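What you are looking at is a predicted structure, and each value in this text was computed from that prediction instead of being measured. When a residue number appears, it is its place in the shown sequence, counting from 1.
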Amino acid sequence: MLLSKEVAVEINLTACQLKQFIASKLKEQGVPLTPEQFMLIDLLWNMGAMTQQKLADLMHKDKNSVTKLVDAIERKGFVIRQQSKEDRRSNILILTDKANELKPDAKQKGIDILDSMLEGIGEDELRRFLATLKKISNNMNLG
């Protein structure tokens, strides 16, 4: 198999495995979120209220996918939508008290899950790997 094809296949398989791993660990840890829901809420925890479009851009997802994610976490009581005063077609997403109460415990559990996934891999190796991933990502953005 060509090396480039092997790399692409391995990245795809690893991405799928990563989502499954994190989903099972979140469930095991009692965090009531999927990996994508966690990522969305974590962006709101870190950056504050924002529009669905801004979230879609940050998550590299289309607006429809983000709408489905927001619908799900809204049903769970973690976020509310508020119509933007500047653009009535746009919704601002605001975390609820329930989401803010979840934050300290969930963030620590998320870090612990990622640390367990990276166990036995040195910091230098991780930095090189991250640099390589960023190069791959940049190459895709050039096309």
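Of the possible polar contacts, none joining the Thr14 side chain to the Ile11 backbone as a donor-acceptor pair under 3.5 Å is found. Not a single donor-acceptor pair under 3.5 Å links the side chain of Lys109 to the backbone N or O of Gly30. In terms of modelled atom types and a separation under 3.5 Å, the side chain of Trp45 and the main chain of Pro104 share no donor-acceptor contact. At least one donor-acceptor pair closer than 3.5 Å links the side chain of Thr67 to the backbone N or O of Lys63. Side-chain N or O atoms of Asn46 include one that pairs as donor or acceptor with a backbone N or O of Asp42 at under 3.5 Å.
Closest approach of Leu43 and Met50 over heavy atoms only: O-CE, 4.0 Å. Of all heavy-atom pairs between Ala49 and Ile94, the closest is CB-CG1, 4.0 Å. Closest approach of Glu36 to Lys19, counting heavy atoms only: OE2-NZ, 3.8 Å. A pairwise comparison of heavy atoms in Ser90 and Thr51 identifies OG-CG2, 3.5 Å as the closest pair. Heavy-atom minimum distance, Gln83 versus Asn91: CA-OD1, 4.0 Å.
Taking a 4.5 Å side-chain heavy-atom cut-off between Ile, Leu, Val, Met, Phe, Trp and Tyr, the cluster of Ile111 contains only that residue.
Using a 4.5 Å cut-off between side-chain heavy atoms of Ile, Leu, Val, Met, Phe, Trp and Tyr, with links allowed through other members, Val66 and Met39 fall into the same hydrophobic cluster.
A heavy-atom distance below 4.5 Å is found between the side chains of Phe78 and Leu33. Counting only heavy atoms from C-beta outward, the side chains of Met59 and Leu69 approach each other to under 4.5 Å. For the pair Leu18/Pro35, no side-chain contact is recorded, criterion being any heavy-atom separation below 4.5 Å from C-beta on.
Partner Phe38 forms a side chain to side chain contact (heavy atoms under 4.5 Å, CB included) with one of Ile113, Leu102, Val31 and no other, that one being Val31. A side chain to side chain contact (heavy atoms under 4.5 Å, CB included) with Val9 holds for exactly one of Asn12, Leu13, Val7; it is Leu13.
Note on Glu28 versus Lys25: salt bridge recorded, some NZ/NE/NH1/NH2 to OD/OE distance being below 4.0 Å. Ion pairing between a basic and an acidic side chain is recognised when a charged N comes within 4.0 Å of a carboxylate O; Asp71 and Arg81 show such pairing.
The local environment of CD in Gln53 is crowded, with over 12 non-hydrogen atoms from other residues, nucleotides or ligands closer than 6.0 Å.
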